[in-house]
Every structure is written in C-alpha cells, then in structure tokens.
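Residue numbers begin at 1 in each chain, while the letters A, B, ... track the order of the sequences.
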There are 2 protein chains.
Amino acid sequence: MKKNTRNYKVGQTRLENQKKILEAAEVEFANHGFKGASMSNIADMAELPRANVHYYFKNKQELYLTVLMDIVTLWNDAFNQIKPEDDPKDAIQAYIRAKVMYSKKNPLASKIFANEIIHGAVHFRQYLGTEYREWIRGKHDVIQSWVDQGKMDSIDPFHLIFLIWSSTQYYAEHAIEVSTTLGKKNLTAKDFEAVVDSLSHIIIKGCGIK
Amino acid sequence: MKKNTRNYKVGQTRLENQKKILEAAEVEFANHGFKGASMSNIADMAELPRANVHYYFKNKQELYLTVLMDIVTLWNDAFNQIKPEDDPKDAIQAYIRAKVMYSKKNPLASKIFANEIIHGAVHFRQYLGTEYREWIRGKHDVIQSWVDQGKMDSIDPFHLIFLIWSSTQYYAEHAIEVSTTLGKKNLTAKDFEAVVDSLSHIIIKGCGIK
DNA sequence: GTCTATAGTTAGATAGAC
DNA sequence: GTCTATCTAACTATAGAC
C-alpha cells in the first residue's frame, strides 16, 4: 500500500510537471521558433530547474515534437466533420466558424504550426506526407462531389481549402497586425463574429453556393 | 586621380560585399527567424569571414532591420496603384495577380515578413503603427468608396484586405504544404495562374462585383 | 579595408549528490 | 524522482595585426 501511494504521487508530479513544461514550451516556441527557443527560458517559465526539463524530455527536439503532435491531435478533433451529404452552405459556414474560433482560442498553436511550415517543415515532413495528405484529400473529395452535384461553381477544391485555411488562420498569426489596424488592443468576441460573417459571405457567394 | 580610382574600387567592394551579405541574410532569416539565425552561417553563405559581416553591419539586429526595410521598400513599390476611380473588378484582379506573382518571385521576403509578424513584430512595431497603418487606411478608403457607390456588397474593407492578403501570401509561406498536396516538387507558372483565377473568381463574385 | 584570434556569453546536455 | 554543479559547443562581438 505504501508503494502504491508513492507511485501515485510520483505519477501526479510527473503529469503536473510535464504539463507545466509543455505550456511554457508552447509560449517559447510560438515566440521564437524551434531554433530560437531556449530550454532555459522554458525551464524558468515552468518554474523548474533546467535539468528537470531534460529529465522529462530527452532533448529540445523531443519536447518540440511533443508540442507539435499535441497541436495536430487537437486539430484533428476539431475539424473532422464535413461529409458529402452535408449542405455546402451550412458545412462551409460551420467550418469557417470553427476555424476562426480556433484561431481565437489557440493562437499559440496556430503560430507554432505556421512557423514550422514557413521554415520548411523540417520536423514535420512526415506528417505532411501522410496524415495531412489524407486529411486534405478527404476534404477535396467532399468539395468535388458538391461541384459534381452542381451545388457550387467549378472551383479547384484544393484552392478553396487553402483560401479558407489561410484567411481564418490569419487572425491568429497576424493578430498584432489586425488589432493595430482596427485600433484595438485585443479583438473582442464581436470582432470575431464579424470575421466569420465577412468570410462566410464572400466565400459562399463567391463559390456560387445558394 | 589615384585617389579617385581607389575610392571607386573601395566603394564597389563595399557594395558588392553588402549585397552578398544581404542575400545570404535573407536566406538565413527566412529559414530560422531572427533569434534562430546565425551570423556564422550568413558569413559562410556570403563567402566572407565572420568579422567582415560585423564590419559592414554593426550587429545582428542592424542586419536584420536592413533586410526588413528592403522588403518593405519593395512592397511599397509593388502594391500602390489602387485608386477610387478604378473599376473594382479590374483593380482587385490586378492586385491579386500582383500579390500572387510577388509570392512566386519573392518567397523569402514573404517568409521573413510573416515570421516577424507571427513572433509579435518586436522589430517592426514602429512600421506597423505608421507606414503600414497609413497604407491600409488608404486602401480601406478606396474600397469603402466602391461600397458607397454601390459597386459592390457592403463588406468591411479591412476584412476584405486581410482576405486578399492572407490567401495570396499563403502560396509563399506554405509553399511546402501546397506542393506536397498537389503532388509536385515546385509550383509551375501555370499553377500560379490557376491560383489567380480561383481567388479572383471567388473574391470578386463573393463581393458582388459585376 | 581585411581578417585572425579570441573574449565573453549563452546554449543544450549530463554526472552525481541528495 | 530532484536539483546543483559543471561540461562542451555554439554563438555574437571585438581587438589588433596586417
């Protein structure tokens, strides 16, 4: 019994420390990229000695990959509900909304992902060639089926997906530019609703969806 | 005369070396961001001793700011020709084309800019608050005048600008994702034409522009 | 104007005491 | 399982010979 109690406690500490480290790492990697991030800064933010970070994560790359994979998991959970039998208008509007709200809620994740892609996806090539490829092909086929059914204009589904992705993503990555432009310190929930409305209007009408 | 000749030669070397350093710096900063970039790597790529880089540019930050400012100058030259009396359809189509072709031609500049914004624009705050603010307000007013003249749907000009900017920019920043998805090593001129066509179709029709 | 040599700092990682 | 102390390597930057 003594042993069990001890193991439980130890497991708890491990989970808590790992969580603290991962949260700190998310901030540091979002702010400085992989190469620019410092394990010292991460340890300081997590309020742990440097050596402990290396105890839980073998090295910088392993920590970074863990952060990246957590983001992908979150992503897969959030954006996997578009089917051919859906009404295009509702489906695209729902998708735009989900994506904008994700940008609002998880700006750090969006930034880390963008950073990884901009810098050539060196730690992420495998994902791009497998999971991501499958994901985007699935979406492509759904949109193509809508085109074939005459439910929308004949538009290359890939470019439509890129358009939705980039325009929604923008409000996470370029938050600073957007808020400076709109003359605000931070965007409000109302601002994000306006984003959803503008984007939905242009994209749905622009694709000839009734 | 001897002195003149010497000064000329000296000035030439300076210009040539600065150019080599700036080109190398563009690659390094695009690939690793400000913090991740290494002055050693830049010197190696420029085929100059490390100390020479420090001779021409006081420190890393000054070199980075020079690269950034060159990009902004190029930008201002390329995208400043939209006027209220223009036909919205032609103007927007021309702008989308110019922006996509800029992404094709200057992917490094696009990446460095995006990287700077993602990481909070710490070296770039001043530009965002002044030049950029003026630039985007000018564009805002032109688009608003089109709305007021009934030439297009009532859409918040800022969100339209962000949409055009993000969707065109995407093909520079996410080149790796795009080419992986389309199953190509590099995008061809034809691919970029298809991008212009898809984006123009959706955005112009989506804004209710005839 | 150029470049070698090196100072001075900070990074990632680990050994070993507790 | 934790953390101090320390190692090695890489970095930015500069002094000083040429």
Measuring only between side-chain heavy atoms, which start at C-beta, is A:Asp44 closer than 4.5 Å to A:Arg50? no
Do the side-chain N or O atoms of A:Tyr56 get closer than 4.0 angstrom to the phosphate oxygens (OP1, OP2) of D:dG1? no
Indicate whether OP1 or OP2 belonging to D:dC3 is found under 4.0 Å from a side-chain N or O atom of A:Tyr55. no
Given atom [atom1] of [X] and atom [atom2] of [N], what is their separation to the nearest angstrom?
X	N	atom1	atom2	answer
A:Arg14	D:dG1	CZ	P	4 Å
B:Gln18	C:dG1	CD	C1'	13 Å
B:Lys58	D:dT14	NZ	C1'	14 Å
A:Gln61	C:dA11	CD	C1'	16 Å
A:Glu28	C:dG12	CD	C1'	13 Å
A:His54	D:dC7	NE2	C1'	13 Å
B:Glu16	C:dT2	CD	P	11 Å

Could you check whether A:His159 and B:Tyr171 have their ring centres less than 6.0 Å apart? yes
Taking the six-membered ring for Trp and the single ring otherwise, decide whether the centroids of A:Phe124 and A:Tyr132 are under 6.0 Å apart. no
Salt bridge check, B:Glu193 against B:Arg97: does any charged N sit closer than 4.0 Å to a carboxylate O? yes
Parallel, tilted or perpendicular: which one describes the rings of B:His32 and A:His119, with boundaries at 30° and 60°? tilted
Numerically ordered, the residues 33-52 of chain B set in heavy-atom contact under 4.0 Å with DNA chain D is B:Ala37, B:Ser38, B:Met39, B:Ser40, B:Ala51
NA contact type, B:Phe57, heavy-atom cut-off 4.0 Å: base, sugar-phosphate, or nothing? nothing
Quick one: does A:Lys60's side chain have a donor or acceptor within less than 3.5 Å of a partner on A:Lys35's backbone? yes
What's the closest nucleotide to the A:Lys60 side chain, out of C:dG1, D:dG1, C:dA13? C:dA13
Listed nucleotide nearest any side-chain atom of A:Asn17, set D:dT2, C:dT2, C:dA13: D:dT2
Side-chain H-bond candidate by donor/acceptor type, B:Glu116 with B:Tyr64, under 3.5 Å: yes
